[in-house]
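Remarks on the structure that follows.
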Amino acid sequence: MTDTDAIAALQQRLSRLDRRIHWLGGACALLSCALAAMLLTGARAPAAKTLDVERINIVEPDGSVRLVISNASRFPLPRLGGKDYPRAVQPAGLVFYDAKGDEMGGLALTDVQAGRVAALAFDYPNYDALGLVSRVDADNRSATVGLLINSHPPAGLDVLQAAKVVQRRIAIQNQDENAEILLADPQGRERIRLRVDNQGAARFEMLDADGKVVFAAPQADAR
């Protein structure tokens with residue numbers, strides 16, 4: 001092969017290489033445009049607005065459950081002192097747990113034939129401590145909404161034993177449009193009542209251990 005032939009062959013190879021480079025450049029440009037179009041289309045696509053699940057468990061890295069969000073059919077049983085207890089009704093809502101796995105409060109939403117109840121509660125280690133409660137009967141004629149605070153049961157009692165000794169100590173409530181603050185003694189007997197009834201009349205009463213009014217304002221004959 002002469003020098004002229006070699007130069008001609010090299011020029012042909014360079015020409016083919018140049019065409020390939022131009023082709024690759026065009027292909028890259030097309031791919032870039034396609035990718036950009038996909039990204040823009042994805043950015044404009046509507047985000048998912050719903051997630052349908054029956055229960056969600058929020059857990060620590062070791063797998064221990066700290067929060068459960070559940071429908072009624074999969075709502076967990078109350079767990080105190082490492083033991084599960086039956087529920088009188090099966091609500092939907094959420095449950096808070098301490099590091100040992102015992103229930104320490106939650107939100108319960110119940111809709112039954114007798115009416116509906118919504119309650120946000122926080123617990124002692126062995127019983128309910130405080131609750132925000134709304135109760136409405138089935139025909140929506142009677143309703144009680146209020147804050148309830150229970151006595152603190154002894155530490156050695158389980159939940160069934162505690163239920164026999166716990167008393168309601170404080171109630172701040174609207175019961176059928178009677179606004180009340182009720183304070184009870186350790187035995188659960190009401191000793192102070194502050195009320196504005198559904199007719200707008202205000203009254204303050206102090207009671208003895210037998211439930212007899214020992215002081216009232218205004219006096220009965222003054223009303």
Next on the checklist: Applying a strict under-4.5 Å side-chain criterion to I, L, V, M, F, W and Y, I'd like to know whether Leu147 and Val196 cluster together.
Outcome noted: no
Next on the checklist: Are Phe204 and Leu182 connected into the same hydrophobic cluster when the rule is that any two of I, L, V, M, F, W, Y join if their side-chain heavy atoms are below 4.5 Å apart?
Outcome noted: no
Checklist entry - Do the side chain of Gln219 and the main chain of Ala216 share a donor and acceptor less than 3.5 angstrom apart? => result yes
Checklist entry - Does the side chain of Pro153 reach to within under 4.5 Å of the side chain of Gln161, using non-hydrogen atoms? => result no
Item to check | Any donor-acceptor N/O pair, Asp102 side chain to Gly82 backbone, under 3.5 Å | outcome: yes
Item to check | Qualifying side chain to side chain donor-acceptor pair (under 3.5 Å) pairs, either residue in residues 63-81, two or more places apart | outcome: Glu60-Arg66, Asp62-Ser64, Asn71-Ser73, Arg79-Asp84
Checklist entry - Is there a donor-acceptor pair under 3.5 Å between the side chain of Asn178 and the backbone N or O of Asn198? => result yes
Checklist entry - How would you list all residue pairs meeting ring pair (Phe, Tyr, Trp, His ring centres under 6.0 Å) that involve residues 145-175, not counting sequence neighbours? => result Tyr124-His152
Checklist entry - Do Val65 and Val53 sit in the same hydrophobic cluster, where Ile, Leu, Val, Met, Phe, Trp and Tyr count as joined when their side-chain heavy atoms come under 4.5 Å apart? => result no
Checklist entry - Salt bridge or not for Asp139 and Arg141, using N-O below 4.0 Å? => result yes
Next on the checklist: Test of understanding: with side chain to side chain donor-acceptor pair (under 3.5 Å), list the residues that count as partners of Glu205, not counting sequence neighbours.
Outcome noted: Arg193, Arg203
Item to check | side chain to side chain contact (heavy atoms under 4.5 Å, CB included) evaluation trace for Phe75 with Val68 | outcome: CA-CA 8 Å; Phe75 202 77; Val68 170; 5.9 Å; no
Next on the checklist: Determine whether a donor-acceptor pair (N or O, by modelled atom type, separation under 3.5 Å) exists between the side chain of Arg87 and the backbone of Pro76.
Outcome noted: yes
Checklist entry - Which atom pair, heavy atoms only, marks the closest approach of Ala171 to Leu148? => result CB-CD2, 3.7 Å
Next on the checklist: Check whether Gln173 reaches the backbone of Glu180 with its side chain - one donor and one acceptor, N or O, closer than 3.5 Å.
Outcome noted: no
Next on the checklist: Within the 4.5 Å heavy-atom criterion, are Leu109 and Arg116 side-chain neighbours or not?
Outcome noted: no
Checklist entry - Heavy atoms, side chains only, cut-off 4.5 Å: are Phe96 and Leu107 in contact? => result no
Checklist entry - What about Val59 and Val95, same hydrophobic cluster or not, with Ile/Leu/Val/Met/Phe/Trp/Tyr joined at side-chain heavy-atom distances under 4.5 Å? => result yes
Checklist entry - With sequence neighbours left out, what residues match Asp128 under side chain to side chain contact (heavy atoms under 4.5 Å, CB included)? => result Asp123, Asn150
Next on the checklist: If hydrophobic residues (ILVMFWY) are linked whenever their side-chain heavy atoms come closer than 4.5 Å, directly or via other members, who joins Tyr85 in its cluster?
Outcome noted: Leu80, Tyr127, Val159, Leu160, Val166
Next on the checklist: Using 0.5 Å steps for rounding, measure from the CD atom of Glu190 to the CG atom of Leu183.
Outcome noted: 9.0 Å
Item to check | For the student: nearest non-hydrogen atoms of Ala143 and Val136, plus distance | outcome: CB-CG2, 4.1 Å
Next on the checklist: Check whether Ser151 reaches the backbone of Gln167 with its side chain - one donor and one acceptor, N or O, closer than 3.5 Å.
Outcome noted: yes
Next on the checklist: My understanding is that only residues two or more places apart in sequence, or in another chain, count here; which of them pass salt bridge (charged side-chain N to carboxylate O under 4.0 Å, His left out) with Asp185?
Outcome noted: Arg189, Arg191
